[in-house]
Each structure stands twice: as C-alpha cells, then as structure tokens.
Amino acid sequence: MAKFNSTTFGTISGRHGSAVASTTKDGQSILKVYKAPSNPNTVGQVNQRSKFGFVNSELSPLRDIFKVTYRSGKGMNLAVSYALKNAISGSADSLVMDYTKLCFSWGSIQLPEKIEMKALAGTNIQFDWDTTIRIEDQYPDELNVILMNVTSKFTILRESIALRPTGTAVLNVPEIWAGSEVYCWVYFSTPESTLTSVSKYLGTIEIKA
C-alpha cells in the first residue's frame, strides 16, 4: 500500500476521503484526487464481457483438446482469444459462434497444397493430400484430424493418423454418427509434438452408415 509522509498529518496510506496516497516511479509520495469510473458498464464493456463469457462457455467442452492441439496448458486461452477476434458475431444478447472459423493449432510446418476428404461406407472418412511439395523432409510429420458433430457439438481428436509421405488415410468415426453432418479440421505435427502446422478447416461431411 502506498504511504504519504506529511509533516502536518504524519504518515498517510491508502485512500482517505477523496484523496489517495500513491508513489511515483521515482519513489516520490504524492496525494491525488480519487475519481470513480464515470460509467463502469458502458455498452462496449458489457458487450466485451458478454462475448468473453459466451466464448468461454461454448469452447469449455474443448478445453482438453486445445491443450493437446496447441501443445500448451494455455491452449484454451489461445483458442478463446482467436475466437473472440474471428469466430463470433451479434450483440450481447444474441451472440453466435461460427464453428467453421475456429483455430485448433498454429505453427511453422507447412500444410500440403491440397487436402481433400470423402465419406466411405461404414462410417469411414478418407483423407487424401498432395505429397509433391515438402520442405520438412527432416521432420516425419503426421496427419491429425478433429471432428465435431454439427448437431451435438461433440468433438473427437484423432492423432497420428498417417505420415505425410503416404498421402492418404482412412479414419473410422463412431457408428452413432451415421447420417450426421460433421465439421472437419486437420493439421500436421511431428511425432514428438515439437512442431505443428496451422489447422485447416476442410468443411462439413455427412457420415455414411
């Protein structure tokens, strides 16, 4: 707590009426007039608090996934920060999350020029990607896939599906998702998880029975 030394009043600390004792950067003790915020609940402040609470609530079920995909205990914070800037619209009482604009990872590994997916029978999804342009030959990076059920928002992460040089992989999803529409993101990472790529949203796909 700041203290103010006065020859008249002695040592004063903290707030006294409309005055507050504080210390400047050079160590000098001063008294200054306390002013309460004129309007701590401006429209902008209310909207920002509403957005922050909304995004945290919407992304809370993905907290553990973000820790893995961002390779950090602060993964949730990174995801929330990105979503606040890029993935929500509307005002305080009618906010909307655009899940297609979420980001699950970022890093220096380059994504393939072309990545495609298609639904196969038996609740399988096939992924194909270009392997002709690679600059990470020294790093055997692997494909990782994130799937979110459009209706339930239940999300699964499948790591290390296949090495980049293979150019193709088939992933089986829960049978209960047959007939459901699913959001899909992919990213590449090294097996030791030291390097990752930016995640890429591939679109939605309907899971076949």
Heavy-atom side-chain contact between N144 and T69 under 4.5 Å: no
What donor-acceptor contacts under 3.5 angstrom involve side-chain atoms of residues 165-174, with partners at least two apart or in another chain?
residue : atom : partner : partner atom : Å
T166    : OG1  : L163    : O            : 2.7
T166    : OG1  : T168    : O            : 3.4
T168    : OG1  : F127    : O            : 3.2
T168    : OG1  : D128    : OD1          : 2.8
N172    : ND2  : G122    : O            : 3.1
N172    : ND2  : T123    : O            : 3.4
N172    : ND2  : T123    : OG1          : 3.3
N172    : ND2  : N124    : OD1          : 2.9

Aromatic centroids of W106 and Y187 separated by under 6.0 Å: no
Electrostatic pair R71-E159, nearest N-O below 4.0 angstrom: yes
Over 12 non-hydrogen atoms of neighbours within 6.0 angstrom of NZ in K101: no
Trace of the side chain to side chain contact (heavy atoms under 4.5 Å, CB included) decision for I115 with L202: CA-CA 8 Å; I115 310 176; L202 296 186; 4.0 Å; yes
Joint cluster assignment, F52 & M97, ILVMFWY side-chain distance < 4.5 Å: yes
Heavy-atom check, side chain of P61 versus side chain of K153, under 4.5 Å: no
Within-4.5 Å side-chain heavy-atom neighbours: I109 and R164: yes
Where W129 and A162 come nearest, the two heavy atoms and their spacing: CH2-CB, 4.1 Å
NZ-CG distance between K51 and N56, expressed to the nearest 0.5 angstrom: 14.5 Å
Single-linkage hydrophobic cluster, 4.5 Å side-chain cutoff, I65 and L143 together: no
Single-linkage hydrophobic cluster, 4.5 Å side-chain cutoff, M117 and L157 together: no
Heavy-atom pair with the smallest gap, counting every atom of C184 and Y201: O-CD1, 3.3 Å
Path from I205 to V186 over hydrophobic side-chain contacts below 4.5 Å: yes
Shortest non-hydrogen separation from L111 to K200 and the atoms involved: CD1-CB, 3.7 Å
Nearest heavy-atom neighbours spanning S160 and E142: OG-OE1, 2.8 Å
Heavy-atom side-chain proximity of W185 to V145 below 4.5 angstrom: no
OH on Y82 to OH on Y70, rounded to 0.5 Å: 8.0 Å
Donor-acceptor contact below 3.5 Å, side chain T190 vs main chain L195: yes
Joint hydrophobic cluster, I161 plus V68, side-chain heavy atoms closer than 4.5 Å: no
Would you be so kind as to tabulate the donor-acceptor pairs closer than 3.5 Å made by side chains of residues 176-183, with sequence neighbours excluded?
residue : atom : partner : partner atom : Å
S180    : OG   : W177    : O            : 3.3
E181    : OE2  : T204    : OG1          : 3.0

Lys/Arg N to Asp/Glu carboxylate O, K114 vs E116, below 4.0 Å: yes
Straight-line distance of I125 CD1 to L120 CG, nearest 0.5 Å: 8.5 Å
Distance-minimising heavy-atom pair for C103 and A79: O-CB, 4.5 Å
T196 backbone acceptor or donor facing S189 side chain under 3.5 Å: no
OG1 on T100 to CE on M148, rounded to 0.5 Å: 10.5 Å
Residue of the set I146, L59, N86 for which side-chain contact (heavy atoms from CB on, under 4.5 Å) holds with L102: L59
Gap between atom CD of E58 and atom OH of Y99 - 0.5 Å precision: 3.5 Å
